Amino acid sequence: MAIDGSMNIVQVQHLWWTTATFMGDCQNRQDISGFAKAITPKFSGSKVLVHVQFTGKLICDGSLGFRRNSTQVVDYFLGTDRDNQGSGGYHDAETYAGQYLDDFSATAGTTYTYQMTTIVTGCGDDAYFNRDPSGSAQNGRSSITLYEVSG
């Protein structure tokens with residue numbers, strides 16, 4: 001229960017994901033290996049605020065989503081510019097961030113794993129994480145932060 005009647009942060013779980021990853025043939029939604037974090041709520045009825053930052057490219061018409069355990073919560077959470085594979089983007093990777101309040105009622109003591117997923121359809125089906133298409137990993141890193149919030 002919230003201390004002052006509003007939502008309060010109970011705990012924070014954070015993953016700094018630094019693995020430079022290339023994924024080809026992403027025309028079907030799939031897990032991004034290693035880009036996941038678990039949280040075990042302390043209070044029943046809590047919600048989880050998910051904050052994701054990712055550096056990379058989805059060529060093109062791609063998106064990141066995530067699932068909680070086996071349930072896909074969001075399909076189209078973060079995406080990249082459709083023209084990001086152009087001549088200026090080959091040696092660069094952009095950083096994107098977003099937050100989502102997972103409005104389910106958590107059970108205290110139950111572990112929930114938030115697994116990042118991707119799908120890329122359109123003019124290509126390649127995904128680059130923590131690197132650019134040239135192979136450089138000098139552009140930034142990705143992270144997922146989970147906040148248990150009560151209220």
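Everything quoted here is computed from the prediction, not taken from an experiment.
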Identify the two heavy atoms, one from Tyr128 and one from Phe54, that lie closest to each other, and give their separation to 0.1 Å.
O-CE1, 4.3 Å
Reported CG-to-OG1 distance for the pair Asp61 and Thr80, which is rounded to 0.5 angstrom:
8.5 Å
Partners meeting side-chain contact (heavy atoms from CB on, under 4.5 Å) with Phe104 (sequence neighbours left out):
Val48, Arg68, Asp102, Ala106, Tyr112, Tyr114
Please verify the inter-ring angle class for Trp17 with Phe35; under 30° counts as parallel, over 60° as perpendicular, anything in between as tilted.
parallel
Partner set under side chain to side chain donor-acceptor pair (under 3.5 Å) for Thr111, not counting sequence neighbours:
Thr40
Val52 vs Tyr100, side-chain contact (heavy atoms from CB on, under 4.5 Å): CA-CA, chis, key distance, verdict
CA-CA 9 Å; Val52 176; Tyr100 181 88; over 6 Å; no
Looking only at non-hydrogen atoms, find the nearest pair between Ala108 and Ser44 and report the distance.
N-OG, 3.0 Å
The single option from Gln30, Gln72, Arg67 passing side chain to side chain donor-acceptor pair (under 3.5 Å) against Thr117:
Gln72
Find the distance between NZ (Lys37) and CG (Leu146) and round it off to the nearest 0.5 Å.
8.0 Å
Count I, L, V, M, F, W, Y as connected when their side-chain heavy atoms are under 4.5 Å apart, and connections chain through other members. Are Tyr96 and Ile119 then in the same cluster?
no
Answer yes if the side chains of Ser142 and Asn130 hold a donor-acceptor pair under 3.5 Å, and no otherwise.
yes
Distance-minimising heavy-atom pair for Met116 and Gly65:
CE-O, 3.2 Å
Assess, by modelled atom type and distance only, whether the side chains of Thr95 and Thr55 contain a donor and an acceptor separated by less than 3.5 Å.
yes
How far does OG1 of Thr18 sit from CZ of Arg131, to the nearest 0.5 angstrom?
14.5 Å
For the side chain of Ser136 and the backbone of Gln138, is there at least one donor-acceptor N/O pair under 3.5 Å apart?
yes
Any side-chain heavy-atom pair from Ile32 and Leu64 closer than 4.5 angstrom?
yes
Once you round to the nearest 0.5 Å, how far does CD of Glu94 lie from CG of Leu58?
10.0 Å
Walk me through whether Leu101 and Val149 qualify under side-chain contact (heavy atoms from CB on, under 4.5 Å).
CA-CA 9 Å; Leu101 181 62; Val149 291; 3.9 Å; yes
Shortest non-hydrogen separation from Val120 to Thr118 and the atoms involved
CG2-OG1, 4.1 Å
Spatial distance of atom CG (Asp31) from atom CE (Met23) [nearest 0.5 Å]
8.0 Å
Nearest 0.5 Å please: distance from the OG1 atom of Thr145 over to the NE2 atom of His14.
4.5 Å
Kindly give the heavy-atom pair with the smallest separation between Ala36 and Ile144, and that separation in Å.
C-CG2, 4.5 Å
Looking at every non-hydrogen atom in both residues, tell me the closest pair between Gln11 and Pro41 and how far apart they are.
NE2-CA, 3.8 Å
Test: salt bridge (Lys or Arg N to Asp or Glu O under 4.0 Å). Region: residues 42-53. Which pairs qualify, not counting sequence neighbours?
Lys47-Asp103
